Amino acid sequence: MPKFEVDPAVHRGLADARLNVEIDNGDMILNLGPQHPATHGTLRLVVRLDGERVVASDVVIGYMHRGYEKLTEYRTYPQITTLINRIDWLSSFANEVPFVHAAEQLMGIEAPPRAEYIRTALTELSRIATFLLFLGEMGLQVGAITPAFYGFRDREYVLNAIESATGGRFHPNFNRIGGLKDDLPWGWIAETRESMRKVLKSCDEFEDLVVSNPIFQKRTRGIGIIPAELGASYGVSGSNLRASGVDWDLRRDGKPYLVYNDLDWKVWTHSDGDSFARYWVRLQETRESARMVLQLLDVMPSGPVMTKVPKIIKVPEGEVWVNTENPLGEMGYYVISKGATGPFRVKIRTASLSNVSIAPWLLRGVYLPDIITVLASLYFILGDIDK
Amino acid sequence: MRSLAVDIWGGWATTLGIKTLIVMGLIPVGALVLGYTFLLKMMSHMQSRLGPMDPGGFHGWYQLIGDGIKFIQKEDIIPEGADKRVFKMAPAIVVLSTFLMFVVLPGGPDFVVAKDLDVGVFYALAVSSLSVIGVLMAGWASSNKYALLGSLRAAAQLIAYELPLVLAVIGVVIQAGTMNLQDIVRFQASGEIFGWDGLGLPLILTQIVGFGLFMIAAQAELSQPPFDMPVAESELVAGYMVEYTGFRFLFFFIGEFGTAFVYAGLAATLFLGGWSVPFIDVDADIMNVVGPLVLFAKIMLVAFLMFWARFTYPRFREDQLQSLAWKWLIPIALANILVTGALKVAF
């Protein structure tokens with residue numbers, strides 16, 4: 001993470017953002033959620049409204065807390081991948097990777113190159129699947145029904161590719177410590193190449209249908225601007241931070257993982273930091289990911305997909321922190337092992353929790369419809385917030 | 001001397017009864033046709049899916065009727081804090097305004113459901129704003145914050161767009177020199193384009209600006225995207241309709257699509273020549289049969305444009321909508337009236 005000088009005025013702003021919404025002065029208090037179509041699940045937003053203008057808001061989370069950090073203490077390492085699939089359920093495969101890497105680093109083993117290539121391809125595929133859903137859904141949240149269906153339609157190609165490789169559309173549970181469960185099926189590479197062409201075409205469609213739409217621009221430009229240093233101090237990461245002009249991507253700038261360094265790709269940023277910029281950056285990243293998958297398919301090495309590991313996996317004593325660039329932002333696992341078959345303690349850092357924590361600051365003074373725009377453009381998954 | 005009973009049963013009461021039945025039948029049928037053709041089928045095909053295919057055997061034609069039957073069977077839930085009488089009355093008032101608008105729409109030379117009013121245009125646009133009251137009542141009586149916000153938005157929006165709607169039509173009225181809808185149709189049928197009278201003169205040719213304004217304003221009056229803030233499902237869930245279930249919700253549904261049907265009919269009558277069709281004499285008897293079909297075809301054409309926009313665009317924000325109405329539509333409409341008036345005087 002690049003270093004930022006935080007202005008003291010910003011700190012005062014942060015204090016303001018935590019206005020207590022219970023103060024009664026006759027404004028209307030509106031409860032958005034936990035059951036509300038725009039909250040992707042069970043996020044609750046208590047908003048104090050003056051007319052339609054938001055005076056203060058508070059995000060209430062925890063309706064879907066499932067205690068994964070604690071549960072990991074009672075599982076063995078191979079069992080945990082099943083659990084962490086369900087944190088960010090839209091990009092489950094990407095969740096598995098950092099944890100498996102953490103275990104592998106503690107054990108001092110490395111997956112064979114072919115396994116790492118396949119992991120990279122599947123991670124990027126799940127990124128595309130997540131973002132395609134976002135690209136459609138964002139349209140839906142600002143009132144256009146049709147893009148959502150296009151998003152779902154094209155996401156299907158990607159999910160089919162993931163399913164045919166791993167056997168699971170949503171929860172692949174395909175990573176093993178030391179490699180992968182299986183090799184790719186016959187014909188997968190050709191089929192995925194075809195799917196990626198469809199994804200690239202679909203990105204052009206979104207460019208035409210949504211990004212260049214004047215009403216969409218009117219609704220999203222200048223709404224929910226995250227200043228770069230403020231976003232960084234809130235822990236906002238991933239595309240949300242890149243949309244504020246911070247050129248920071250763990251795939252390139254973090255500790256090298258998977259095979260990103262062998263690929264030719266670009267980190268996209270946008271200088272505006274508003275909802276439109278977040279949409280635009282994700283659109284570009286979808287394209288970039290599709291191009292990365294196409295490259296990976298061309299240079300996929302042959303060989304085994306699993307190294308030699310003992311039948312019963314015991315991880316030597318030690319601590320490790322592995323963080324990766326997941327579709328929603330920075331995801332990390334801090335694993336402490338005491339030499340048993342399961343970890344002693346796992347701390348999971350999920351992107352959505354930090355991303356949504358800036359919402360009260362962003363929502364001051366916007367109109368009621370903009371709440372939805374801002375929430376949609378921050379793009380969180382409830383499972384990723386509540387764990 | 002005939003008795004009073006004969007007078008009533010053979011005279012105005014029967015006529016009134018038949019007319020009421022026609023209106024009661026035509027509006028829901030119109031709503032069904034629009035709902036099926038556009039909401040279920042056209043939208044589905046735009047979104048690369050099929051829509052309902054099974055009910056009724058042929059492309060799911062029975063789906064909406066089945067939905068209607070389902071709605072009637074449902075429990076009629078009224079929220080505890082609701083103002084019960086107002087809550088029950090609101091959907092009826094919304095539908096009422098649709099019915100009242102419909103009765104002046106001419107379908108043929110002798111075919112007008114109610115009277116062929118001399119102030120037909122004026123009357124239709126006036127009763128169209130009745131629905132605002134229904135919407136406000138629904139939102140207020142629901143005792144729900146979402147419903148309240150939705151109905152306030154609806155009131156602000158419907159009032160703001162009433163103006164461009166009326167102003168857009170004034171161009172037509174000036175050119176035709178009458179407010180009678182039947183006469184406007186006849187004017188268009190008997191008009192000529194630079195001396196060629198093959199097509200008549202559909203007023204869309206001279207009033208293209210007015211037509212555009214009318215369509216935009218009608219879209220807003222119908223609370224359809226891009227102007228659907230009152231029902232914005234992603235923020236206000238369903239606005240003023242949020243607490244309604246069963247047949248009361250069905251009323252709102254019929255109101256929504258029935259009004260779309262009527263507005264499309266108005267646009268067709270005012271700008272596309274209504275029930276008249278080229279090459280058939282407007283006073284021929286056959287027009288009483290062909291006329292309604294022609295009008296229906298034109299309604300579908302106009303409704304296609306409306307729903308095309310509905311399924312394509314995101315929605316505006318409340319303030320953006322207001323500034324669109326006051327800063328753009330109304331000045332353009334006024335300029336249109338000026339130009340039309342000047343040309344009318346000059347030629």
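Just so you know, these numbers come straight off a predicted model, no measurement behind them. Note on naming: letters A, B, ... go to the chains in the order of the sequence lines (proteins, then strands), and numbering restarts at 1 for each one. The analysis underlying the following values was restricted to heavy atoms, covering all of them including side chains, and did not include hydrogens, waters or symmetry mates.
The local environment of CZ in Phe257(B) is crowded, with over 12 non-hydrogen atoms from other residues, nucleotides or ligands closer than 6.0 Å. More than 12 heavy atoms of other residues, nucleotides or ligands shown are found within 6.0 angstrom of NZ on Lys70(B). For Asp54(B), the CG atom is loosely surrounded, since the number of other residues' heavy atoms within 6.0 Å does not exceed 12. No more than 12 heavy-atom neighbours from other residues, nucleotides or ligands sit within 6.0 angstrom of CZ on Phe152(A). Within 6.0 Å of CH2 on Trp280(A) lie more than 12 heavy atoms contributed by other residues, nucleotides or ligands. Counting non-hydrogen atoms of other residues, nucleotides and ligands closer than 6.0 Å to NZ of Lys201(A) gives a total of 12 or fewer.
In this structure, the side chain of Thr146(A) does not engage the main chain of Thr312(B) through any donor-acceptor pair within 3.5 Å. A donor-acceptor pair is defined here as one N or O able to donate and one able to accept, closer than 3.5 Å; such a pair exists between the side chain of Arg219(A) and the backbone of Arg315(B).
Ranked by heavy-atom pairs shorter than 4.5 Å toward chain B, the options Asp370(A), Ile371(A), Leu140(A), Leu209(A) are led by Asp370(A).
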List the atom pairs, with distances to 0.1 Å, where a side-chain N or O of residues 219-226 of chain B and a protein N or O form a donor-acceptor pair under 3.5 Å, not counting sequence neighbours.
from, atom 1, to, atom 2, distance (Å)
Gln219(B), NE2, Pro225(B), O, 3.2
Gln219(B), NE2, Met306(B), O, 2.9
Glu221(B), OE2, Glu162(B), N, 3.3

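To the nearest 0.5 Å, atom CG of residue Leu32(A) and atom OH of residue Tyr146(B) are 4.0 Å apart. To the nearest 0.5 Å, the span separating CZ on Phe149(A) from OG on Ser48(B) amounts to 9.0 Å. Taken from CD1 in Ile215(A) to CZ in Phe316(B), the straight-line distance is 4.0 Å, to the nearest 0.5 Å.
Annotation: residues 319-330 of chain B contacts chain A through Asp319(B), Gln320(B) [non-hydrogen atoms, separation under 4.5 Å].
The side-chain contact (heavy atoms from CB on, under 4.5 Å) test with Pro314(B) singles out one residue from Asn213(A), Thr373(A), Thr220(A), and that residue is Asn213(A).
Both the backbone and the side chain of Phe216(A) come within contact range of chain B, with heavy atoms under 4.5 Å apart.
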